[in-house]
Amino acid sequence: MSAQSQHTHTNSCHEVLAHLNDYIDGELAPELCEALEAHLEVCEDCRVVFDTLNKTLYLVHQLRNTSPQLPETVEYRLFAVLNLEQFVPKKPE
Amino acid sequence: MTGIEIDLDIYPDEASLLEALKRGEPEACACLVKQYAPRVYAIAIRMLNDPDDAEEVLQETFISACKNIHKFEGRSALGTWLHRIATNAALMHLRKRKHREVSLDEPIEMAGGEDIYREVEDGSLAPDDHAMNSEVRDMLEKAIAQLPETLRAVFILREIEGYSTEETANILGISVSATKVRLHRARLRLRELLAPYLA
Ligand SMILES: [Zn+2]
């Protein structure tokens, strides 16, 4: 076990990429986290991937608050197609 | 809420709404639509990138849901069930569309080639930017639209709709490990697509 954890400090970039997803989701085993963090300290390439991946996800999560709107006309047609015309105002303002 | 006005308080909880739906009450159907149509439409439009196709999926989803409501056993939330119907309908549309067009689909390959290390510096889209402007939003939506469809479905459900990995797997009817693999690929691919803008 200790020999193995020593070995993980020489993580390859490929291994880091493979674990990045679990790391971001907080699902990576603690000893692997340490190895990954140690690698990020010394490897700029991987750090750039990590940083930009985080930025990407940050931006994507903003979309949660700005979902595409359901247009009124689409809503009217949906009610019509479901035989729910009785709920549709006669003259949309 | 804009558009058609429906009193959503007629049914105090999902269980009573469900009972009314199974009795075939039109008010219940109207409530269901009013409550869930916006998110179903949002999923459809992100999946399909076409308002007409998204509207078709929206209509198919609720027609199918109303017709099959007696099959809903309440093992998931009503919303999750609807999103499952909608996602499957959207994937069917994409498949049909593919038959119509010459396929320009990119193969699903593992992101992680040389390109992954393209140098990008901190820049204009730093997380401390305030409200997301429409330009950034458009750019993001376009990049998501470029994801291969199977990756896109996982990505939208997990990252935008906020479902857990398990829920996403359930909605799509795939394994948790397949969901994780697709999510991972989708994230890395999107990062690559956005890299020029993050610079
Ligand atoms: Zn590295």
Side-chain angles (χ1 to χ4, degrees), chain A residues 12-28 39-40 43-93, chain B residues 2-6 26-27 29-30 33-34 37-43 45-46 51 54-55 58-59 62-63 66 111-112 116-122 125-127 129 131-132 134 136-137 139-141 143-144 155 159-162 165 180-181 183-184 187-188 190-191 193-195 198-199:
Chain A
S12 73
C13 297
H14 198 79
E15 280 174 292
V16 166
L17 279 183
H19 287 144
L20 215 46
N21 209 42
D22 285 340
Y23 181 68
I24 284 173
D25 289 336
E27 292 175 6
L28 193 64
H39 181 96
L40 290 181
C43 178
E44 179 163 12
D45 286 346
C46 284
R47 205 163 53 236
V48 167
V49 173
F50 176 69
D51 287 345
T52 50
L53 190 57
N54 270 329
K55 263 185 217 170
T56 299
L57 291 178
Y58 173 85
L59 288 173
V60 166
H61 293 160
Q62 306 289 298
L63 288 179
R64 288 178 184 175
N65 313 319
T66 58
S67 275
Q69 293 297 305
L70 177 65
E72 218 168 49
T73 49
V74 174
E75 188 183 44
Y76 286 160
R77 286 195 290 267
L78 178 60
F79 270 72
V81 108
L82 294 167
N83 300 317
L84 298 170
E85 285 104 331
Q86 62 188 101
F87 299 99
V88 180
K90 290 282 175 298
K91 275 184 189 165
E93 291 140 81
Chain B
T2 56
I4 297 169
E5 279 177 35
I6 304 287
E27 288 80 9
C29 196
V33 172
K34 189 67 199 173
R39 263 180 89 186
V40 166
Y41 185 72
I43 291 176
I45 206 142
R46 285 200 169 111
E55 183 170 355
L58 176 73
Q59 295 184 355
F62 281 97
I63 290 169
C66 291
I116 195 101
Y117 289 118
R118 191 187 307 142
E119 196 81 18
V120 272
E121 294 289 321
D122 278 14
L125 299 183
D129 279 4
M132 178 178 266
S134 63
V136 175
R137 198 171 59 227
M139 175 270 295
L140 263 181
E141 299 277 14
I144 293 168
F155 190 81
E159 300 293 1
I160 302 176
E161 292 302 318
T165 305
K180 281 188 179 180
V181 169
L183 179 67
H184 187 89
R187 282 173 173 176
L188 290 178
L190 197 68
R191 191 205 73 92
L193 290 168
L194 294 181
L198 293 169

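Residue numbers start from 1 in every chain, and the chains themselves are labelled A, B, ... in the order their sequence lines are given, proteins ahead of strands.
Residues meeting the salt bridge (charged side-chain N to carboxylate O under 4.0 Å, His left out) test with Arg187(B), sequence neighbours left out: Asp25(A), Glu159(B). The side chain to side chain donor-acceptor pair (under 3.5 Å) search around Glu141(B) returns Arg46(B), not counting sequence neighbours.
Of the two parts of Leu53(A), the backbone and the side chain both hold a non-hydrogen atom closer than 4.5 Å to a non-hydrogen atom of chain B. Only the side chain of Ile6(B) comes within contact range of chain A, with heavy atoms under 4.5 Å apart. For Ile45(B), the part lying under 4.5 angstrom from a heavy atom of chain A is the side chain only. Contact of Ile144(B) with chain A is made through the side chain alone, with heavy-atom distances under 4.5 Å.
If you take CG on Leu70(A) and CZ on Arg39(B), they are separated by 14.0 Å, rounding to the nearest 0.5 Å. One distance of note links SG of Cys66(B) with CG of Leu84(A); it measures 7.0 Å at 0.5 Å rounding. For the atom pair CG (Leu198(B)) and CG (Asn54(A)), the distance works out to 11.0 Å, reported to the nearest 0.5 Å.
Heavy-atom minimum distance, Asn21(A) versus His184(B): CB-ND1, 2.7 Å. Annotation for Leu59(A) and Leu140(B): closest pair O-CD1, 3.5 Å, computed over non-hydrogen atoms. Nearest heavy atom pair, residue Ile4(B) against residue Phe87(A), reads CG2-O, 3.2 Å. Taking all atoms of both residues into account, the shortest heavy-atom contact from Arg64(A) to Ile160(B) is CG-O, 3.0 Å. When all heavy atoms of Ala37(B) and Leu78(A) are compared, the pair lying nearest together is CB-CD2, 3.9 Å. Contact detail for Gln86(A) and Pro26(B): the closest heavy-atom pair is OE1-CB, 3.9 Å.
The shortest distance between side-chain heavy atoms of Lys34(B) and Glu75(A) falls below 4.5 Å.
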| request: Could you please spell out the steps behind the side-chain hydrogen bond (donor to acceptor under 3.5 Å, both in side chains) verdict for Thr52(A) and Arg191(B)? | output: CA-CA 7 Å; Thr52(A) 50; Arg191(B) 191 205 73 92; 2.5 Å; yes

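Put simply, of Pro51(B), Cys29(B), Ala30(B), the one with the most heavy-atom pairs under 4.5 Å next to chain A is Ala30(B). Per-residue counts of heavy-atom pairs under 4.5 Å with chain A were compared for Phe62(B), Phe155(B), Tyr41(B); the largest is that of Tyr41(B).
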